[in-house]
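Structure first, commentary second.
Throughout, a chain's letter reflects where its sequence line sits, starting with A, and its residues are numbered from 1.
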Amino acid sequence: MSSLLSGLNPEQLEAVALPHQSALVLAGAGSGKTKVLTTRIAYLIQSGQVSPHGILAVTFTNKAAKEMLTRISTMLPINTRGMWVGTFHGLCNRMLRAHHRDAGLPQAFQILDSADQLAIIKRILKSLGADDQKYPPRQVQWFINNAKEEGLRASQVEVYDDFARKMVEFYTVYEQQCNKEGVVDFAELLLRSYELLIRNEILREHYCGRFSHILVDEFQDTNRLQYKWLKLLAGDKAAVFVVGDDDQSIYAFRGANTGNMKDFERDFRITKIIKLEQNYRSHGNILDAANTLIRNNSGRLGKNLWTSEGHGEPLRVYNAATDFDEAAFIVDEVKSLRSEGVALAQMALLYRSNAQSRVLEHALFNAALAYRVYGGMRFFDRQEIKHALAYLRLIANLDDDNALRRIINFPLRGIGARGLEQLQDEAQRQGGSLWAAMRQNYEGGTTLILDSEVKILPGRDKVPDKPKKGMEGFVAMIEALRQGCEGLPLPEVVEHMLEYSGLVAHYRAEREGADRLENLNELINAAISFVHEAEDDSLTAFLAHASLEAGEHQAGSGQDALQLMTVHSSKGLEFHTVFLSGLEEGLFPHENSRNEAGGVEEERRLMYVALTRARRRLYLSFAQSRMLHGQTRYNIPSRFLQEIPDNLLKWLQPVQKTGFRSQAPETRNRGLDVAIQKAEFGVQDRATSVRDAGASQWRIGQNVTHAKFGAGVIVSCESQGADARVQVKFSRAGTKWLSLEYAKLVPA
DNA sequence: CTATTCAGTGTTTTT
DNA sequence: CACTGAATAG
């Protein structure tokens with residue numbers, strides 16, 4: 001026992017060893033929040049106050065949940081499988097699976113991601129003949145999710161004007177459609193689970209009796225519905241232990257409500273608030289910067305981070321002429337840090353919005369630096385993966401219209417808009433799913449005789465001899481596929497589906513299909529590791545996993561690579577070195593935030609999160625001009641930069657020392673500034689050098705080598721000058737188009 | 001029905 | 001710019 005508690009500071013110790021009562025822990029960044037949470041769980045179990053069975057621990061990200069489980073299992077020799085540790089969505093999913101009947105859901109109900117949800121909404125708007133100028137689909141989506149996050153069904157939303165009345169109407173139809181298809185969106189997972197507990201007294205008492213300790217991470221990010229859910233589960237017996245930091249609340253846009261912290265104090269009659277302010281992560285200068293910045297926000301609960309370590313280095317500020325320049329600067333610094341022995345994985349490039357990763361990726365790629373992008377286009381978001389998943393979903397649940405629509409004509413089998421429309425009408429008339437309508441009209445007769453005498457299951461061959469076209473072909477294929485998958489272990493189901501559906505054949509025939517095939521292969525690997533790790537290895541569980549943990553799986557993870565991500569997804573992580581790029585007005589703070597109430601303050605908290613990710617070294621950079629929406633924009637440096645005390649900063653550009661602090665740079669001089677900068681720092685104008693190197697150097701048939709792709713031969717050329725491109729066929733990496741300006745090709 | 005092209009449009013952050 | 005939806009040619 002004592003070993004568990006050793007190494008905690010007095011405040012941490014107090015929090016961990018608190019008696020059975022509800023408590024609020026205000027934990028600053030890097031103050032050992034996760035440590036406190038996990039140690040408390042271990043302590044409660046070890047001291048016999050609760051069994052693993054009686055613990056409910058909630059986080060926001062799967063990453064955090066996983067981290068928590070691994071930490072607990074290093075502290076205690078227990079099987080964590082039966083413990084309820086996970087995200088709100090994950091736990092609600094678990095509950096709904098267990099009681100799908102009571103919740104009014106089919107047992108293989110599917111989970112919609114935002115894109116799926118939007119697709120359904122668009123379809124509904126179209127079928128209702130709604131004016132999508134007046135009612136943009138995204139806004140309808142926003143309305144529905146907001147209502148759900150408040151815990152409101154369509155019938156419960158109060159309306160005061162026609163616009164809202166219309167929105168509620170869409171919401172109603174959407175609800176009906178989802179019910180018919182047996183699908184639920186993210187918010188629905190929570191709402192259903194909540195309603196299930198409200199209505200079903202037996203279940204509620206069961207769970208309330210079970211969980212005597214409820215622990216919540218990142219409490220400042222909870223929305224109203226999540227709070228109500230927690231309150232319901234807590235009943236009047238459970239001790240609710242919440243950890244949060246109001247300064248790190250960055251999800252107001254999706255309903256997070258910091259007011260929950262105040263409500264929590266009141267509703268749970270909190271007498272004990274523990275503040276963790278000692279920071280074990282960053283050097284003093286970084287903390288000073290963060291503390292000073294966040295002090296500009298109003299209405300804080302109040303907290304000041306300190307460290308017993310030294311001040312460390314100043315924060316390095318770089319004023320780049322262009323976004324391209326900024327990327328080049330970062331690449332150079334990364335290289336030299338790496339040569340000093342800092343692992344790539346210990347460096348992070350952070351940015352406000354996903355679109356900014358492009359320039360950075362481009363520069364990194366050409367410098368042959370390994371990197372990994374979190375978020376943005378995720379593995380499970382890729383087109384080919386979504387297609388594959390749609391087949392799987394249809395196998396699991398034939399009523400999933402969304403899935404059916406996605407694949408009914410992919411690979412192409414000659415079913416067009418016309419046929420689909422007829423099908424739609426037919427389904428409407430019958431009040432059933434598309435599949436039901438389809439099967440009634442097009443069942444070929446040759447298929448699906450559920451005959452136990454059939455020795456060889458139909459559809460178990462690799463590929464149907466001749467994939468039949470049209471609706472009949474589709475129906476036959478799906479039915480054969482379903483039968484063929486019966487009884488197979490999950491990875492083989494995936495493999496069989498990939499072949500039998502024709503997806504593999506399709507991408508094999510496609511010119512640029514190599515990467516996609518690789519991803520499809522990776523999907524089989526994902527299924528294999530899922531089977532190893534998960535307690536429930538059914539297809540349905542795998543599909544839920546794919547929806548809920550979309551961000552977790554990445555092909556080629558594990559190697560030492562630079563970490564690229566948005567500031568949002570960096571929350572909870574820490575790195576030796578952090579590069580925070582794009583510190584410009586309009587970008588960070590984002591221009592949309594200026595009109596929103598409290599928008600800039602939320603952006604400031606976001607900035608606070610970004611700063612506190614760094615342990616030792618922190619780079620802040622901005623660009624005077626940046627390509628955005630296809631045109632060059634000129635931005636002034638972010639106000640947040642000016643909110644950091646001067647003495648903590650070290651400007652890396654002498655030119656700019658006199659720059660914006662004394663006076664804002666004047667637009668008309670900017671071109672000149674850039675020229676001066678280039679002259680002073682010997683920046684080579686790459687476009688010029690390419691032109692000089694000449695169009696003549698590269699010709700078809702030429703053998704070349706590329707830093708990353710290896711040896712290859714040029715198969716075609718395009719245009720001349722700065723934007724010249726060549727197509728190179730590499731022996732290993734396939735055929736690619738490369739821009740001569742950036743790709744460092746070497747003649748071989 | 002499919003492939004290609006074109007004009008229009010919109011754009012933060014995520015479970 | 002990148003993506004979508006619609007129009008048009010094949």
Mind calculating the distance between CD (Gln631(A)) and C1' (dT11(B)) to the nearest angstrom? 13 Å
Between Ser593(A) and Leu412(A), which has a closest nucleotide on DNA chain B that is more 5'? Leu412(A)
Among Gln117(A), Glu150(A), Glu188(A), side-chain hydrogen bond (donor to acceptor under 3.5 Å, both in side chains) partner for Asn145(A): Gln117(A)
Check the distance between dT13(B)'s C1' and Met607(A)'s CE and give it to me in whole angstrom. 16 Å
From the options dT11(B), dT15(B), dT14(B), select the nucleotide whose nearest atom is closest to the side chain of His89(A). dT15(B)
How long is the gap from SG on Cys178(A) to CD1 on Ile124(A), to the nearest 0.5 Å? 6.5 Å
Of the listed nucleotides dA3(B), dT15(B), dT13(B), the one nearest the side chain of Phe253(A): dT13(B)
Please give, in whole Å, the distance from dA3(B) C1' to Phe410(A) CZ? 14 Å
Tell me what Leu189(A) touches on the nucleic acid: a base, only sugar-phosphate, or nothing, going by heavy atoms under 4.0 Å. nothing
Using atom C1' in both nucleotides, what's the gap between dT4(C) and dT13(B) to the nearest angstrom? 22 Å
What nucleotide among dT13(B), dT15(B), dA2(C) has an atom nearest to a side-chain atom of Ser114(A)? dT15(B)
Side-chain N or O of Asn409(A) versus OP1/OP2 of dT2(B): is the shortest distance under 4.0 Å? yes
Can you figure out which of dT12(B), dT15(B), dT14(B) approaches the side chain of Phe186(A) most closely? dT15(B)
Within the structure, does a side-chain N or O atom of Thr566(A) lie under 4.0 Å from either OP1 or OP2 of dT14(B)? yes
Select base, sugar-phosphate, or nothing to describe what Glu596(A) touches, counting heavy atoms under 4.0 Å on all strands. base
Between Arg123(A) and Glu181(A), does any side-chain N to carboxylate O distance fall below 4.0 Å? yes
Taken to the nearest whole Å, CG/Leu350(A) to P/dT12(B) is 19 Å
Taking atom types as they are modelled, is there a donor-acceptor pair under 3.5 Å from the base of dT11(B) to the side chain of His629(A)? yes
Separation of atom CG in Leu606(A) from atom C1' in dT12(B), rounded to whole Å: 9 Å
In terms of side-chain heavy atoms of Asn354(A), which of dT11(B), dT13(B), dA2(C) is nearest? dT13(B)
Charged N-O contact under 4.0 Å between Arg192(A) and Glu195(A): no
Please tell me which of the listed nucleotides, dT15(B), dT12(B), dT4(C), lies nearest to the side chain of Lys122(A)? dT4(C)
Ile250(A) has an atom CD1; how far is it from atom P of dT14(B), in whole Å? 9 Å
Has Arg97(A) got more than 12 heavy atoms of other residues, nucleotides or ligands less than 6.0 Å from its CZ? yes
Ionic contact status for Arg594(A) with Glu603(A), cut-off 4.0 Å: no
Does Arg138(A) place a side-chain N or O at less than 4.0 Å from the phosphate oxygens OP1/OP2 of dG10(B)? no
Once you apply a heavy-atom cut-off of 4.0 Å, does Phe88(A) come out as touching a base, just sugar-phosphate, or nothing? nothing
In this structure, how many angstroms lie between the C1' atom of dT2(B) and the CD1 atom of Ile408(A), rounded? 16 Å
Length of the line joining Asn223(A):CG and dT14(B):C1', which is rounded to integer Å: 12 Å
Any idea which of dT12(B), dC1(B), dT14(B) is nearest the Arg254(A) side chain? dT14(B)
By nearest-nucleotide position on DNA chain B, the 5'-leaning member of Gln133(A) and Ser569(A) is Gln133(A)
